[in-house]
Amino acid sequence: MSQKKQKSVREHKDYQSEVERLEFTKEYIKSVLEMSKGNKEQIVENLKAAFAELDTSDSSLSYMTLLTNAQYLELAESELERLASVIGKPYFSRINYTSSGDNKEEILYIGKASLFDRVNQTPIIVDWRSPIANVYYDGRLGDVSYDAYGEMQSGYLSLKRQYDIENGILKEIRDIDLTTHDELLQKSLSGKADNRLTEIVATIQNEQNEVIRASLKHPIIVQGAAGSGKTTIALHRISYFLYSSGYRFPPEKLMILAPNKLFIDYISAVLPDLGVNKINQTTYIEFMRNCLGKKIKLLSPNSKLMMLINSNEKSKRIQWVSSYKGSLEFKGIIDRYLKEIELNLAPSEDFIIEKSRLMRGDKLKRLFLKEFKYLPIYKRLDKIKNLLASDVRLKKSIILSKINSKYDDALEKALYSTRLDAEKRREKVVSIMDSKELRIKAVEQESKVAVKNYMDSFVKKDIFSLYKELMTSPERLQKYSTMLSEIECKKLTNYCQQVFAKNALELEDLAPLFYMKAKLEGIEEHYKMKSIFIDEAQDYSYFQFAALKEGFETDLFTIVGDLAQGIHSYRGLNSWEPLVKEIFPNANYQALQKSYRTTVEIMHLANDILSIMDKDLPKVEPVIRHGDKPRYTNIDPANLQQVKEIVEHDIHLLKEEKLNSIAIIGKTNAECLRIHKMLENSNLPIQLLEEKEDMKKGCVVILPSYLSKGLEFDAVLILTMEESYSEEELDIKLLYVAMTRPMHRLFLYASAPSELLLNRVNFDNFENE
């Protein structure tokens with residue numbers, strides 16, 4: 001700490017009392033941790049005792065004792081870890097609040113964990129997710145109000161104070177009012193990329209807080225500009241969700257659908273810090289592979305993306321097919337196809353056992369189409385089968401009783417008939433008894449196979465076969481379509497036939513398959529999530545969202561994305577409006593246009609690049625944090641030694657500035673391989689990053705533009721060797737994504753400014769070397 005800062009913090013009027021409060025809090029946490037160790041040992045002893053007492057003949061009381069102790073131990077360990085993790089920085093802010101109608105002012109310290117005085121239950125630390133903490137994030141000094149579990153509370157906020165605490169030492173105190181600039185936010189933004197996510201809870205802004213605490217009973221869709229904190233918001237909303245509704249939604253029923261494995265690694269350190277454990281973290285592809293229950297060979301979506309970069313007739317055809325398979329119109333085709341499958345499977349024949357009708361065909365049809373409509377189609381057949389089997393068990397004895405009664409009456413008549421002589425009477429009795437035996441035997445035999453024989457006429461084809469039958473037949477496709485022409489049907493089926501010929505599928509095939517599985521077979525219970533969080537949502541299609549909603553049987557989605565970064569928009573999603581109107585009509589929609597990542601200078605250049613597109617996309621508003629202008633350097637890609645020396649020199653300069661998180665971004669994988677080959681004998685630690693790899697700490701990572709989406713670095717070098725950026729929409733979006741990754745510095749290298757579209761922007765927005 002500098003002498004100037006040390007002096008300023010010590011000069012604060014409450015410095016001594018705040019230091020004493022911090023020491024008290026740390027000591028209290030230490031005492032709680034020590035006490036908890038003793039409690040844990042007692043719980044373990046209770047568990048041992050419960051195990052010893054438990055036997056199979058015991059009542060459920062012993063089992064409940066065991067279960068309660070086990071659950072409490074898990075809870076205690078979780079709270080213990082959380083308290084231990086915050087002891088070096090137990091809180092980050094304080095508010096002085098007086099509730100309306102109460103003259104007593106409360107002094108509340110806000111942190112990542114809650115802690116109460118065990119004697120009088122007064123709060124020592126208030127969890128940032130609690131309702132009262134909302135006053136810190138949203139409230140200004142003066143009259144304030146907040147929602148506490150559906151009831152509005154009002155009061156007066158007389159103080160809003162922020163702390164900078166490092167390793168248990170109070171470094172700074174800041175009192176916030178209407179005119180005070182948020183220095184803590186500025187400090188966070190000027191920090192390094194490798195620890196910014198874990199400290200963001202202290203600097204959540206008003207508009208971000210609104211999204212985090214938005215109604216948990218409705219889906220929410222967030223259009224967030226690059227650097228607006230979309231990922232941060234999604235992670236904190238999960239934490240808030242578990243805090244507010246964890247009693248109804250265990251973490252095992254929550255899921256993050258991440259864009260790739262690299263992204264999961266990026267956020268993995270943040271979730272435990274927010275008190276989030278056991279939540280499902282997976283990619284869309286991985287989840288679909290597991291859920292569909294078949295080993296799927298999938299053609300690389302990124303290879304397709306690289307093909308689409310080269311705009312030609314073939315790429316236009318690929319783009320059209322992908323867009324159509326992701327559309328709600330295609331969902332309509334699948335719906336009509338499934339409706340016909342449903343009608344064809346609907347029972348219509350009477351269910352009969354040996355001349356006896358047990359159930360009418362029209363009743364079975366009504367049950368299948370109406371009464372059991374809440375079930376997936378194939379499970380309705382299972383329900384019908386069980387119903388018939390139950391009916392056979394109930395009515396078999398009745399049928400046998402009727403047969404016995406009928407033949408016993410006939411036998412009695414034959415025995416006492418005066419019209420028959422003795423011989424004919426004997427023949428008649430034998431005939432009646434033989435017929436009775438045959439009928440009873442027939443009932444016994446048919447009752448064993450009647451259900452199977454009846455159900456055998458209903459063929460359950462697997463979803464992959466049904467989908468292939470649809471997508472390889474232009475006649476069948478046109479039959480269920482309301483808009484496709486004959487030529488378009490042939491174009492679509494020809495393309496699909498080429499994919500199926502490789503025994504493969506595309507990512508765009510997963511949504512219809514998942515949707516068909518949900519409608520026909522049902523999704524297994526352990527795959528059904530109660531709440532889903534999707535980041536980089538702009539890369540999904542409308543059909544993907546509709547299928548996920550259908551399969552999970554919930555609309556509790558948190559969907560965050562940025563249309564300006566929609567490099568996979570060929571799948572069809574280019575507006576949030578259909579998502580809100582047709583798929584999630586109950587959704588809240590919010591737009592976040594402030595960027596907290598990059599400097600004003602970098603964001604101005606990125607905005608210029610984005611404006612080249614003829615799209616109605618709002619300009620991103622950078623938070624006022626200035627830095628160096630992006631720097632452009634002319635290079636000769638043919639002279640690899642020269643390019644290598646220039647790049648190495650600049651990286652060394654960045655490292656001297658203590659900017660350690662550095663990325664070199666190429667347009668494609670092929671470009672990155674060229675860059676890596678050029679630098680492989682460098683004295684710098686270099687990592688050519690692949691999608692399923694973790695980033696190695698301290699390495700300069702080389703990665704393609706599409707893979708950089710969602711990540712952030714201290715500094716970024718955008719290098720073009722053989723692949724330039726054109727004015728096609730996809731190229732502009734890829735360049736925009738790359739430009740919005742750095743927090744502090746952006747370097748650009750090309751043989752000419754036009755290679756990076758810099759000839760189309762304001763030259764005042766970058767330095768030309």
Side-chain angles (χ1 to χ4, degrees), residues 192-194 598-599 601-602 605-606 609 627-690 693 695-708 711-726 731 734-759 761 763-769:
K192 302 299 183 288
D194 52 4
T598 60
T599 61
E601 289 73 17
I602 293 173
L605 181 60
I609 292 296
D628 293 343
K629 286 184 180 180
R631 198 186 78 190
Y632 168 74
T633 304
N634 255 95
I635 59 167
D636 177 8
N639 188 343
L640 292 179
Q641 186 58 34
Q642 180 206 49
V643 178
K644 179 183 178 185
E645 288 172 3
I646 291 171
V647 170
E648 285 180 335
H649 174 265
D650 289 344
I651 291 173
H652 281 300
L653 286 178
L654 292 169
K655 284 187 172 290
E656 285 174 11
E657 294 177 29
K658 305 299 182 187
L659 301 177
N660 295 317
S661 172
I662 300 170
I664 301 173
I665 300 179
K667 183 178 177 182
T668 66
N669 283 322
E671 187 78 297
C672 289
L673 286 169
R674 294 183 194 103
I675 297 168
H676 183 255
K677 188 174 181 181
M678 178 183 73
L679 294 173
E680 61 185 350
N681 294 321
S682 171
N683 57 0
L684 292 165
I686 300 288
Q687 180 189 9
L688 178 62
L689 196 63
E690 295 185 8
E693 276 189 321
M695 280 190 282
K696 295 175 183 174
K697 198 170 179 66
C699 280
V700 175
V701 295
I702 303 170
L703 72 165
S705 51
Y706 73 86
L707 196 54
S708 71
L711 305 179
E712 65 179 28
F713 304 91
D714 293 333
V716 164
L717 292 74
I718 300 176
L719 181 56
T720 61
M721 303 286 285
E722 296 181 18
E723 298 180 8
S724 60
Y725 292 85
S726 73
D731 274 22
L734 287 170
L735 183 55
Y736 176 77
V737 165
M739 282 187 172
T740 52
R741 296 310 97 200
M743 288 180 62
H744 305 296
R745 300 294 299 276
L746 174 61
F747 289 179
L748 306 138
Y749 309 86
S751 59
S754 57
E755 303 281 283
L756 290 163
L757 305 180
L758 298 179
N759 58 314
V761 304
F763 275 83
D764 291 336
N765 283 342
F766 65 93
E767 289 182 6
N768 194 346
E769 290 224 341

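- Distance check, rounded to the nearest 0.5 Å: OH of Tyr725 to CD1 of Ile609 gives 10.5 Å.
- Across Ala715 and Leu654, no two heavy atoms sit closer than the pair CB-CD1, 3.7 Å.
- A search for side chain to side chain contact (heavy atoms under 4.5 Å, CB included) contacts involving Leu640 returns Met678, Met721, not counting sequence neighbours.
- With Tyr749 as the partner, the side chain to side chain contact (heavy atoms under 4.5 Å, CB included) test is satisfied by one option alone out of Asn634, Asp650, Val643: Asp650.
- Between Thr598 and Pro742 the shortest heavy-atom distance is CG2-O, 2.8 Å.
- Partners of Asn681 under the side chain to side chain contact (heavy atoms under 4.5 Å, CB included) rule, at least two apart in sequence or in another chain, are Lys644.
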Check against side chain to side chain contact (heavy atoms under 4.5 Å, CB included), Asn683 and His652: CA-CA 10 Å; Asn683 57 0; His652 281 300; 3.7 Å; yes

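- Other residues, nucleotides and ligands contribute at most 12 non-hydrogen atoms within 6.0 Å of the CD atom of Glu690.
- Exactly one residue among Val701, Leu679, Leu673 makes a side chain to side chain contact (heavy atoms under 4.5 Å, CB included) with Leu688. That residue is Leu673.
- Note: Leu719 CG to Ile675 CD1 = 4.0 Å, rounded to the nearest 0.5 Å.
- Rounding to the nearest 0.5 Å gives a distance of 12.0 Å between CD1 of Ile664 and CD of Gln687.
- Here Ile635 contributes atom CD1 and Thr720 contributes atom OG1; the two are 5.5 Å apart, rounded to the nearest 0.5 Å.
- For Pro753 against Tyr632, the heavy-atom pair with the smallest separation is N-OH, 3.2 Å.
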Stepwise side chain to side chain contact (heavy atoms under 4.5 Å, CB included) check, Leu758 with Asn765: CA-CA 10 Å; Leu758 298 179; Asn765 283 342; over 6 Å; no

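- Contact check for Leu748 versus Leu605: side-chain heavy atoms found under the 4.5 Å cut-off.
- Under the ring-ring contact (aromatic ring centres under 6.0 Å, His included) criterion, Phe766 pairs with Phe763, not counting sequence neighbours.
- Separating the CG atom in Asn768 from the CZ atom in Arg631 is a distance of 11.0 Å, to the nearest 0.5 Å.
- Residue Thr740 holds its OG1 atom at 11.0 Å from CG of Leu711, rounded to the nearest 0.5 Å.
- For the pair Ser708 and Ala738, the tightest heavy-atom approach, listed with the atom from each and the gap, is OG-CA, 4.4 Å.
- For Arg745, the salt bridge (charged side-chain N to carboxylate O under 4.0 Å, His left out) criterion is met by Asp628, Glu657, not counting sequence neighbours.
- The side chain to side chain contact (heavy atoms under 4.5 Å, CB included) test applied to Thr599 returns Glu601, Ile602, Arg625, not counting sequence neighbours.
- Pairs engaging residues 663-678 under the side-chain hydrogen bond (donor to acceptor under 3.5 Å, both in side chains) rule: Lys667-Asp731, Thr668-Glu723, Asn669-Tyr706, Glu671-Arg674, Arg674-Glu722, Arg674-Glu723 [sequence neighbours left out].
- The side-chain heavy atoms of Met743 and Leu659, taken from C-beta on, include no pair separated by under 4.5 Å.
- What you find for Asn660 and Asp714 is that their closest heavy atoms are N-OD2, 3.3 Å.
- Between Glu680 and Ile686, every side-chain heavy-atom pair lies at or beyond the 4.5 Å cut-off.
- Across all their heavy atoms, Leu703 and Ala663 have their closest contact at CD2-CB, 3.8 Å.
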